Amino acid sequence: MSEKIQGKGVIAGIAVGRIMLAGQNIDGYLVNYKPADTETEKKKAQDALDAVAEKLQKNIEMLKSKEMLEQAAIMEAHRMLAQDPAMGELIMTKTEELGNAPAAVLKAAEENAAIFESMDDEIFRGRAVDIRDVGKRIAKYILGVKEPELGEDKVVLCGQEIEPSVIAGLPTEKIAGVILGAGSTTCHAVIIAKARAIPTVVGVGDAIDKVADEDPVIVDGETGEILIRPSEEERAGYNEKIQKQQELKAHYAELAALPAVTTDGVRVELMANIGSHMDIDNAKSYGCEGVGLFRSEFVFMGRQDIPTEEDQFKAYKEAVEKCEGKTCVIRTMDIGGDKPLPYLNIPPEENPFLGYRAVRISLQRRDLFMPQIKAILRAGVYGKAAIMVPMVINVSEFKRVKAFIEEAKMELVHEGKEYSDKVEVGIMVETPAAAVMTPVLAKYVDFFSIGTNDLVQYTLAVDRGNASISYLYNHFNPAVLQLIYKTITSARENGIWAGMCGEMASDPNAAVLLLGMGISELSMSAPSIPRVKEKIRSISSLKAKEVLADVLKMEDGDEIKAYLQKVL
Ligand code: PEP
Ligand code: MG
């Protein structure tokens with residue numbers, strides 16, 4: 001008899017395969033381990049550190065040769081952890097304390113991981129998994145535990161948390177799907193699965209215990225449904241869905257090369273949101289036409305100190321070059337809110353989303369802002385870079401940013417460094433204040449990019465991360481739509497371009513409304529591009545305007561959402 005469990009689908013697609021329990025339990029091996037004298041244990045720990053680093057290095061080279069750069073970067077971070085002198089020292093201290101190398105390694109990794117786990121930021125918390133992963137690898141090496149072997153069948157990896165290296169270390173063609181008991185869209189396991197388009201369900205919780213090794217399963221990465229030991233009938237029921245999925249994949253691949261243009265010839269640019277230059281190759285395979293949002297705070301995160309101008313220049317130059325003459329919009333760092341930066345030592349705030357963040361920090365911290373601006377201006381020499389300022393609420397902030405940019409140019413002249421004078425400077429419209437003031441702001445900026453993730457939360461007073469009020473978080477709320485419409489209209493009336501880089505841009509029905517409003521560009525996570533492009537190519541701008549006119553008469557966000565689902 002089949003059993004059904006439910007999670008949250010985060011990467012769409014149907015996976016059919018046999019369960020391979022990942023995140024193997026090594027407790028049994030530990031209990032039976034007979035430690036030698038302390039000196040021998042220390043040597044074993046050191047040998048294991050070296051061997052694991054070497055194995056990871058081979059893995060990195062294999063991934064790079066297959067152009068799997070994102071995965072390679074994650075494995076590189078693991079290799080660095082294995083060779084981190086502080087981590088090595090801690091392991092040796094613990095070995096002296098415990099007289100047992102594998103136990104010492106696990107203890108050191110656990111202590112280190114706990115520090116990351118206590119951080120507010122989801123991305124940093126995710127690093128705890130990486131640290132435990134590396135610790136477990138080293139301990140397994142000492143204990144002589146074999147890595148899971150693959151058979152003929154495709155596997156569905158399953159675990160409460162799965163170490164990123166387990167996914168990265170297996171060939172894509174062998175992994176049908178991923179099931180995580182915990183997990184979120186930003187944990188590394190999901191990032192890797194996304195880069196490989198592996199259907200994934202997270203948040204299954206304790207129901208994951210119902211799944212046993214080798215169980216046949218069907219995983220629906222869209223609905224989050226998992227069928228354990230499905231009957232022949234149930235399998236057949238999914239065949240049609242699988243067939244459709246394959247056709248859709250082939251169709252999307254064809255779409256990548258086509259422009260996003262309406263049936264009556266109105267063109268919209270579809271760009272990618274990225275966190276690193278390493279995301280661009282993958283984004284191109286989905287047909288992105290440049291980068292509409294490079295979240296530069298990721299260049300500042302996951303390190304111990306402020307990146308230098310040179311560090312940043314390298315990161316931005318790579319991104320700009322990879323865009324091959326198409327626009328690369330680099331957002332100045334948006335630290336604060338839910339993205340703290342421990343080395344800035346910002347004291348805790350009662351309302352961090354309404355606090356010291358983004359441009360507010362940049363304008364007070366010349367030591368942070370000046371190198372960033374100079375790095376972007378220099379990267380501009382290698383293509384078409386643009387600077388985008390987050391969280392602006394008034395004209396004076398923008399004027400101060402412009403003054404900074406002029407100063408940065410003067411410094412670059414003095415230093416004899418080459419820079420581009422053609423770098424556009426725009427703002428994110430993500431506060432209601434900015435949206436209301438767009439008729440004035442449009443006289444100063446080169447472009448607007450609407451950040452709906454924040455604009456929705458600030459307009460509706462609904463925390464974007466609070467699950468209990470998520471039913472109120474609706475980008476079709478008329479108050480939000482009015483602000484968006486005003487922003488796009490202000491841009492058009494002043495001869496500048498307006499785009500959108502918040503999640504709303506990846507909603508095909510929203511894209512129709514935005515098209516009706518006259519938007520020029522939509523930027524989103526790359527896998528969403530084909531669906532949005534398809535919608536744009538299926539409709540005329542006239543029809544989009546008609547739909548918009550109907551929507552503007554409506555009074556309620558849920559009504560608008562339902563109406564769009566009906567007519568589009
Ligand atoms: C937004 O607020 O819509 C946005 C794109 O920025 P972030 O999600 O990084 O706050
Ligand atoms: Mg934002």
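Because only heavy atoms are used, hydrogens play no part in the values below, and waters and symmetry mates are left out as well, while side chains stay in. Both ligands and their constituent atoms are indexed starting at 1 by order of listing. These figures come from a predicted structure and were not determined experimentally.
- Between Phe447 and Trp497, the two ring planes are parallel [angle under 30°; tilted spans 30° to 60°].
- With hydrogens and angles ignored, the 3.5 Å screen pairs a side-chain donor or acceptor of Thr431 with a backbone N or O of Val392.
- The Mg ion (ligand 2) has Glu430 OE1, Asp454 OD2 as protein N, O or S atoms under 2.8 Å away.
- Annotation: Phe294 is in aromatic contact with Tyr316 [ring centroid separation under 6.0 Å].
- The protein residues lying under 4.0 angstrom from ligand 1, judged by non-hydrogen atoms, are Leu293, Arg295, Arg331, Asp334, Lys339, Met428, Glu430, Gly451, Thr452, Asn453, Asp454, Arg464, Cys501, Gly502.
- Residue Glu222 qualifies as open at atom CD: its count of foreign heavy atoms under 6.0 Å is 12 or below.
- The pair Lys422-Asp446 does not count as a salt bridge, with every side-chain nitrogen at least 4.0 angstrom from each carboxylate oxygen.
- Between the side chain of Glu424 and the backbone N or O of Val329, no donor-acceptor pair lies under 3.5 Å.
- Between Lys326 and Glu289 there is no salt bridge, since no side-chain nitrogen of the basic residue lies less than 4.0 Å from a carboxylate oxygen of the acidic one.
- A salt bridge is defined here as a Lys NZ or Arg NE, NH1 or NH2 lying under 4.0 Å from an Asp or Glu carboxylate O, and Asp334 with Arg295 fails to meet this definition.
- A salt bridge is defined here as a Lys NZ or Arg NE, NH1 or NH2 lying under 4.0 Å from an Asp or Glu carboxylate O, and Glu406 with Lys409 meets this definition.
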